[in-house]
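Heads up, the thing below is written out as structure tokens.
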Amino acid sequence: MKQKRFILSESEIPTKWYNIQADMPTKPMLPLNPATHEPLTAEDLAHIFSQECAKQELDTENAWIDIPDEVLDKYRYYRATPLVRAYALEEALGTPAHIYFKNESVNPLGSHKINSALPQCYYCKVEGTTNVTTETGAGQWGAALSYAASVYGLSAAVYQVKISMQQKPYRSSIMRTFGAAVTGSPSMSTRAGKDIITREPMHPGSLGTAISEAIELATTTPHCKYTLGSVLNHVALHQTIIGLEAEKQMAMAGEYPDTVIACFGGGSNFGGLAFPFMRHNILDGKTTEFLAAEPESCPKLTRGKFEYDFGDEAGYTPLLPMYTLGHDFKPANIHAGGLRYHGAGVIVSQLIKDGMMKGVDIPQLESFEAGMLFARTEGIIPAPESCHAIAAAVRKAKECIATGEEKVILFNLSGHGLIDMTAYESFINGDLQNYKLTDDEIARNLKDVPKL
Ligand SMILES: *Cc1c(COP(=O)(O)O)cnc(C)c1O
């Protein structure tokens, strides 16, 4: 009998996160104060974030960070997650490749986001914060944050991208079930939101608009902190629990990945799976290939520019050195697959610059086709975001048919798609198209990146 699932017991769950900043050959450039262009300190960041997250964000010294016991205790409700050998997918493709996936869809919130929501809310709680606020796109982060806030007795206010709220109505119900207040962004409840609506009354909203509104709420409300579900270094740090478990599970399977793949929005599930393996490329001479799968309609990794840019539409965030499509980038409305954020996260941007990983662009239809194949073979309907990773893995596995190589491919199943069925419905009905940005569109959008 071939073993399909590799399971760790509760006592084998890692107790530290891995901070790749400590081992990077080139340290990431520092975030800058948008007004003075001076490098930011942890105290500056702690105006917006919890102190502990602010400290972790800038920590380039400590490779291993203890996971607090109270967080580990909550992780144990759903971790360790299984590593699965996708035999049925391999067979359907007729590939000699060995395909593994780490299944982050098996917690009740349905995505990896909970791995960072729990520690972020925990640190807020112990530092005396009573309220947390955030933005959310499709709603996985908002759902995870709403649950984590309720676990630690905090009040949560979530700004959800308006268009996503209409496309994925159940996620706001989930957030409200956990007790969060949910507002569509842009809204009339903040100055930033009013400004955006005045300029463009039918603005569909973007992560950029929702971040502006959430930051404004956090900075104008006592005892309220802002939390972010992606992009930042400390978020990827918390997500390394994924890769650290996967490392142990790959060892149980007696294999080591030749290629590690994850879908890419701001980089947290990618960093989470990839960084613990990349550590061995940096320190032990391994030559694993790392692929971040992004939508062709939001191609910041392959066609963006490495620049200091804002993380939000209004320009409230620090300036971050990253691959960006411009902070007021709006993905085409026909794009149904998530991963719409304009920027790439500081660590990953530096790793791309240094040639340690690369981005691959996946057209929308190829992404859903891969998701459908995965659903029919492995029995799990993947999140539209995760479909990009599956599509990249399928491409690799098909290359192996041509070469006959038994490559070991590991990808992250970042979430399930059971609340994203409207996107599948559109695909099945033939209503989705590919959308590739022209060079002109990209250049036009990049002209608003601040000049330093
Ligand atoms: C949020 C999300 C993503 C994208 O965010 P990253 O920070 O790039 O991981 C991918 N998949 C799922 C299921 C998500 O919820």
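Ligands are counted one by one from 1 in listed order, and the atoms in each one are counted from 1 as well. Values in this document were obtained by computation on a predicted structure and should not be read as measured data.
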- Measure the distances from the heavy atoms of His416 to every atom of ligand 1 and state whether one is below 4.0 angstrom. no
- Does Phe264 come within less than 4.0 angstrom of ligand 1, counting non-hydrogen atoms of the residue?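 Under 4.0 Å: yes for Phe264.
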- Item | Aromatic plane relationship, Phe6 with Tyr100 - under 30° parallel, 30 to 60° tilted, over 60° perpendicular | tilted
- Would you call the rings of Phe374 and Phe101 parallel, tilted or perpendicular, where under 30° means parallel and over 60° means perpendicular? perpendicular
Could you list the atoms of ligand 1 found under 4.0 angstrom from a heavy atom of [X]?
{"X": "Cys263", "result": "10 (C), 11 (N)"}
{"X": "Ser414", "result": "10 (C), 11 (N), 12 (C), 13 (C)"}
{"X": "Gly415", "result": "13 (C)"}

- Item | side chain to side chain donor-acceptor pair (under 3.5 Å) partners of Arg171, counting only residues at least two apart | Asp420
- Message: Give me the nearest non-hydrogen protein atom to atom 4 (C) of ligand 1 as residue plus atom name, then the distance to 0.1 Å.
- Response: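 Ranking protein heavy atoms by distance from atom 4 (C) of ligand 1, first comes Leu339 CD2, 3.5 Å.
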- Task: Identify the protein heavy atom lying closest to atom 8 (O) of ligand 1, giving its residue, its atom name and the separation to 0.1 Å.
- Result: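 Looking at atom 8 (O) of ligand 1, the protein heavy atom closest to it is Gly265 N, 2.6 Å.
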- Pick from Phe178, Tyr122, Tyr147: which one makes a ring-ring contact (aromatic ring centres under 6.0 Å, His included) with Tyr152?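 When ring-ring contact (aromatic ring centres under 6.0 Å, His included) is applied between Tyr152 and each of Phe178, Tyr122, Tyr147, only Tyr122 qualifies.
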Any N or O of [X] closer than 3.5 Å to N or O of ligand 1:
{"X": "Ser230", "result": "yes"}
{"X": "Gly229", "result": "no"}
{"X": "Phe270", "result": "no"}

- Tell me which part of Val235 gets within contact of ligand 1: side chain, backbone, both or neither, using heavy atoms under 4.0 Å. neither
- Hey, is Ser111 touching ligand 1 through its side chain, its backbone, both or neither, going by heavy atoms under 4.0 Å? side chain
- Message: Is it the case that the side chains of Glu213 and Ser187 hold a donor-acceptor pair, with the cut-off being a distance below 3.5 Å and no angle test?
- Response: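 Glu213 and Ser187 do have a side-chain donor-acceptor pair below 3.5 Å.
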- Do you see a donor-acceptor pair shorter than 3.5 Å between the side chains of Thr422 and Lys168?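 Short answer, no.
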- Rounded to the nearest 0.5 Å, how far does CG of Leu83 lie from CD1 of Ile7?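 CG of Leu83 is found 9.0 Å from CD1 of Ile7.
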- Rounding to 0.5 Å, atoms OG (Ser50) and NZ (Lys225) come to a distance of 7.5 Å
- Which of the listed options, Glu385, Lys113, Gln140, holds the heavy atom that is closest to atom 2 (C) of ligand 1? Lys113
- Has Lys286 got its NZ or CZ under 6.0 Å from the middle of the six-membered ring of Tyr256, at an angle within 45 degrees of the ring axis?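 Verdict for Tyr256: a cation-pi partner in Lys286.
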